[in-house]
Amino acid sequence: MALSASDLPAMYSLLTNSLSGEQSVRKPAETALAQSENRSGFCSCLMEVITAKDLVSQVDVRLMASVYFKNSINRYWRNKRDSTGISNEEKLHLRQKLLSHLREENYQIALTLSVIISKIARIDYPKEWPELFSFLAQQLQSADILTSHRIFMILYRTLKELSTKRLTSDQRTFAEICTQFFDYSWHLWQTDMQTILHGFSTLAQTFGGSAAELHHDDLYLTCERWFLCSKIIRQLIISGFPSDAKTLQCHLEKIHRCYFRVILFKDLKDSSFRDHQPKFWDLLKRACTKLMKILVAIQQRHPYSFGDKCVLPLVMEFCLSKILDPEPQIMSSEQFMIQCMVMVKTILEGKEYKTNMTGRVVDENRVTFEQMKQNISSTVAGLLTSLLPTDRVVLLCNVLIRRYFVLTASDMEEWYQNPESFYHEQDSVLWSEKLRPCAEALYIVLFENHSQLLGPVVVSILREAMSGCPSAVNEITPELLLKDAAYGAAAYIYYELSNYLSFKDWFNGALSLELTNDHPNMRIIHRKVALILGQWVSEIKDDTRRAVYCALIRLLQDNDLCVRLTACRSLYFHIEDANFNENEFLDLLPVCWDLCFKVVDEVQEFDSKVQVLNTISVLIARVTEVTPYANKLMLFFQKAWEESSGESILQIQLLTALKNFVVALGYQSPKSYGMLLPILQSGINVTSPDELLEDCMQLWEATLINAPSMVPELLGYFPCLVEILERSFDHLKVATNIIEDYVILGGREFLSLHESSVAKLLDLVVGNVNDRGLLSVIPVIDILIQCFPMEVPQLISSTLQKLIIACLTGGDDHDPSKAAVKASSSALLARILVMNTNYLAQLTSDPSLSMHLQKSGFPGEENILLCLVDIWLEKVDNVTSFQRKTIGLALSIILTLRLPQVLDKLDQIMSDSVCTSKPHVPSKELRRRQMKLSDPINQISLENSVRDNLQTCSALHGESFNAAIGRLHPAVLNQLKQALKMP
């Protein structure tokens, strides 16, 4: 029953109770609200609570109502087949009510309402809500600061939502919105900017007073509105206009330049403003950082417009000056400095600014689109050369290494307090989130652009740092921190620096000596040595590899966890390397396993466990002999799996490592079943997380392949495969391999126990998957029939009927997949005829098959078996040599049936039957090879079969047979006599 105005008191009471700290009060209220969500009028009641004037002070209740409203929009606004949804009349009422309540004073409620409007707009605009933007634009004309701020919150959220729609019609609609709002937003942005600049100047001169405080509130709200307007303009520019890489039509100079003026705001240097107005100072820093982000986004979207001589040089010069000679207050704003570095890096590596050395037709007068872009690229390349002359490139390289790479006191404190967290923040974090990784990313791009110039410079810094801080130094001095920075610089550009620096000499003369100093402060250098050994793996030659392995094992024993994690990652690179030398690593294996297990026990963070597990997994995969360490590994896997409950990504890595472990054990894998099978069973259970399923099935397959014999536990898991395929065919390929493994390994015991599951599974797959899926499952059916020719055909009659229908209906002239399905299916049916002739004759005469064929357009009067003969004759050249022999045997058997029409096809049958070749024996594991070799088809002589069956055919048809033989082509008759050794 629908909710109405009379239910408002009850709704208010439920919302109030849902906020109660007492569970006995809160739980019934939450249950009642959840049960009311899908009732008509629920959202309207919530909206009345949100907008009720007498409830303005009840912020918590109104906020809770807005949250329930938002959740209901997500669930019920779009009408679904399994839900009644919200009626069109109520939707109209809610849209009107939302637009009538723009001046919401509470920020959190206003934010939630803006999200609600954006979610509705994504579904309803423009068809059901065409007036949305025109109404908001109209309200802006006369709105006060608060209302306009709320409207811009709505606009920002809605534009962001609509910009993600990818249909052409939706993008066209968004472009129309841009045309409607861009000029107004841009004008308001400029006006607010002037107001803010004037307000900041006033604030810098006056402090205190209640009137001033009131002015502060209005000014702060204006700042927030301007901030939102900046985001809206960014959204319009990025999503509302096509990239100028496609059109070269985007006029953004005034935007770049006006944005840029704000970043250059003079009050940024005023310390009194910073001290007396911390709220506005923080907002100013946040705004400048945001504007730099917007400039970066515009450059990436419209690189050619950004490359204008009035824009790019100004931005580039500003960013370089802040990086090379930052003012103290700028340095205190790490995020702003990061954005300056991101901008320089983006410009330096932009492919749009690289000159393309391609030719041009001499007599071509018309300038092509690509030539226009190339002209702009050449101009920008010239600008960049003027902005970064040789001496400035060298200076920038020095500044990055000597200033930004050097660890600070806060870095050292963070490292001391939490080594594991420090490791991830420095080495694994997204480069654009922290200052030092960002500086390193900029340095790498700079070096790539100027490698010949900077190679000797970096080597010079490295030698200076090593000579200024010998390996025996224990104190944390500026010289030691510079050596740490120089080592990092050398690690990141190994691929170029190897031309100027011999790794062997460097390792023997310095790096190995660093490891002899065990002072706790040396963890700084040890970490970088571990990093270098991993980064330079491709440059390490055979005569140094053993020493490097020993060094990494020594680093894995370091007292500092950050050093050990770095060494673990570098060890991973070495083990995975194509030149990994197992013989030189063999005696290090026992201690390596123990150290890796120890690190796993000590680390707390998820990423750390995944990293160490990857190292263990690749080590299992690359080492030949794992058996001596099997017991340790089993204990490790058992413990790690128990501790990883609920961590799907970690469990995926564990499953991969387990698969490598089972493969490495080979036929000795049963010793791991006590640990392995419970893990496998939990993974393939229908209740296990979907994200684990693929890796669990691969582990299942590996377990079966490497099992020397079937065990009851594995045999009992097969029904899980049916449940998996009932949910989805996503893993059909692995599933067919598992079925095949069960057939080969389990034999008759498997079939007798799971014959109903096999029949159900095949019937589920055939007819419900595409042609590629059929091609993966047909070989499994073929193996089943090969192993159990008398039992299986009867068991899977429904599946075989579907294959017959696939053979006899539908064209495949222009579809290679369908042609392959017909060929494979026909060869399978030929096998049944050879190995269980009576059953195929019985199946093709089944009335239910005739009925299904007629529904598919097959003529009812046709003889199904003879039609199969036509398919065999048609597809005999499209199958493997082994299948060709099977079809040849089937055709020879057809000669023995009391079907006069066979004589009309005798010419073709004889032509195809005598063209034989030796069957191909696939090279899989030993059991399958033995099974193939014992295939009855291999034991039957095609020549003898054809000769004997011809005699039977002659006895059946008498003179008609002789007449048919007489009509054979002389060449075919001669070939037939030679093949069958007939006189």
Side-chain angles (χ1 to χ4, degrees), residues 420 546 549-559 561 563-576 580-645 647 650-683 695-696 698-699 702-703 706-708 711 713:
E420 185 179 0
R546 166 69 183 183
Y549 291 162
C550 293
L552 285 171
I553 295 298
R554 181 167 185 167
L555 287 164
L556 268 177
Q557 296 170 304
D558 197 277
N559 292 325
L561 186 55
V563 174
R564 277 180 281 158
L565 284 170
T566 307
C568 186
R569 185 172 62 176
S570 294
L571 182 62
Y572 172 88
F573 294 145
H574 279 269
I575 297 168
E576 196 181 40
F580 174 67
N581 191 322
E582 183 183 348
N583 291 331
E584 293 186 349
F585 195 82
L586 204 57
D587 63 315
L588 302 174
L589 261 178
V591 64
C592 183
W593 291 123
D594 290 339
L595 292 172
C596 287
F597 298 157
K598 184 179 178 182
V599 174
V600 172
D601 286 338
E602 290 187 27
V603 296
Q604 301 296 321
E605 296 191 20
F606 168 80
D607 289 339
S608 304
K609 293 181 182 292
V610 171
Q611 179 183 304
V612 183
L613 190 55
N614 283 338
T615 303
I616 293 172
S617 180
V618 74
L619 190 58
I620 293 171
R622 294 301 302 270
V623 174
T624 305
E625 189 56 60
V626 174
T627 307
Y629 318 102
N631 291 334
K632 286 185 177 181
L633 284 166
M634 284 188 287
L635 291 173
F636 163 73
F637 284 127
Q638 182 74 46
K639 181 180 179 183
W641 184 263
E642 292 171 356
E643 294 177 351
S644 66
S645 177
E647 299 283 359
L650 183 58
Q651 289 186 328
I652 287 172
Q653 301 299 325
L654 274 168
L655 291 168
T656 302
L658 276 169
K659 185 183 73 171
N660 292 340
F661 180 54
V662 169
V663 171
L665 289 177
Y667 282 167
Q668 298 183 59
S669 59
K671 66 170 59 177
S672 70
Y673 282 0
M675 170 274 302
L676 175 68
L677 295 186
I679 294 176
L680 178 59
Q681 184 179 20
S682 67
D695 296 278
C696 283
Q698 290 176 357
L699 175 60
T703 303
N706 291 280
V711 295
E713 293 88 349

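All heavy atoms count here, side chains included; hydrogens, waters and symmetry mates do not.
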Notebook entry, point to check: Between S669 and N706, is a side-chain hydrogen bond (donor to acceptor under 3.5 Å, both in side chains) present by the stated rule, with each step listed?
Noted result: CA-CA 7 Å; S669 59; N706 291 280; over 6 Å; no
Note to self: For the backbone of C568 and the side chain of Q611, can you confirm whether one donor and one acceptor N or O come within less than 3.5 Å of each other?
What the structure shows: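 Pair absent, no side-chain N/O of Q611 close to backbone of C568.
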Are any of the side-chain heavy atoms of [X] and [Y] separated by less than 4.5 Å?
| X | Y | value |
| --- | --- | --- |
| Q698 | T656 | no |
| L619 | Y629 | no |
| W641 | L655 | yes |
| F580 | V618 | no |

Taking every non-hydrogen atom, the tightest pair across [X] and [Y]:
| X | Y | value |
| --- | --- | --- |
| A707 | Y667 | O-CE2, 4.1 Å |
| C592 | L571 | SG-CD2, 3.6 Å |
| L680 | C696 | CD1-O, 3.6 Å |
| S645 | Q651 | CA-NE2, 3.8 Å |

Please report the interatomic distance [atom1]([X]) to [atom2]([Y]), rounded to the nearest 0.5 Å.
| X | Y | atom1 | atom2 | answer |
| --- | --- | --- | --- | --- |
| M675 | N631 | CE | CG | 10.0 Å |
| T615 | L565 | OG1 | CG | 9.5 Å |
| H574 | R622 | NE2 | CZ | 12.5 Å |
| L676 | L699 | CG | CG | 5.0 Å |
| E582 | L588 | CD | CG | 12.0 Å |
| K609 | I616 | NZ | CD1 | 10.5 Å |

Margin query: One pair to check against side-chain hydrogen bond (donor to acceptor under 3.5 Å, both in side chains): E642 and Q638. What are the steps and the verdict?
Written below: CA-CA 6 Å; E642 292 171 356; Q638 182 74 46; 3.0 Å; yes
Item checked: side-chain contact (heavy atoms from CB on, under 4.5 Å) assessment of I553 paired with L556 -> CA-CA 5 Å; I553 295 298; L556 268 177; 4.3 Å; yes
Next item on the list: Just jot down the salt bridge (charged side-chain N to carboxylate O under 4.0 Å, His left out) partners of D594, sequence neighbours excluded, or say none.
Entry: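 With neighbours one apart ignored, the set is K632.
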Notebook entry, point to check: Of the options L552, L555, I575, which is the one that meets S570 in a side chain to side chain contact (heavy atoms under 4.5 Å, CB included)?
Noted result: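 So, applying the side chain to side chain contact (heavy atoms under 4.5 Å, CB included) to S570 and each of L552, L555, I575, only L552 qualifies.
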Notebook entry, point to check: Who are the side chain to side chain contact (heavy atoms under 4.5 Å, CB included) partners of Q668, not counting sequence neighbours?
Noted result: T627, K671
Next item on the list: Taking side chain to side chain contact (heavy atoms under 4.5 Å, CB included) as the test, write out the residues that go with N581, two or more places apart.
Entry: R545, Y549, N583, E584
Next item on the list: Any pair with a residue in residues 600-623 that passes ring pair (Phe, Tyr, Trp, His ring centres under 6.0 Å), sequence neighbours left out, goes on the list, sorted by first then second residue, please.
Entry: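 Those involving residues 600-623 do not exist here.
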Notebook entry, point to check: Under 3.5 Å, is there a donor-acceptor pair linking the side chains of S617 and Q653?
Noted result: no
Next item on the list: Please report the C-alpha distance between T703 and K659 in whole Å, then the side-chain angles of each, then the deciding distance to 0.1 Å, and finally whether the side-chain contact (heavy atoms from CB on, under 4.5 Å) criterion is met.
Entry: CA-CA 8 Å; T703 303; K659 185 183 73 171; over 6 Å; no
Margin query: Please enumerate all residues that pass ring-ring contact (aromatic ring centres under 6.0 Å, His included) together with F637, with sequence neighbours excluded.
Written below: F661
Donor-acceptor contacts under 3.5 Å from residues 596-603 side chains, at least two apart:
| unit_1 | atom_1 | unit_2 | atom_2 | d |
| --- | --- | --- | --- | --- |
| D601 | OD1 | K639 | NZ | 3.2 |
| E602 | OE1 | R564 | NH1 | 2.9 |
| E602 | OE1 | R564 | NH2 | 3.1 |
| E602 | OE2 | R564 | NH1 | 3.2 |

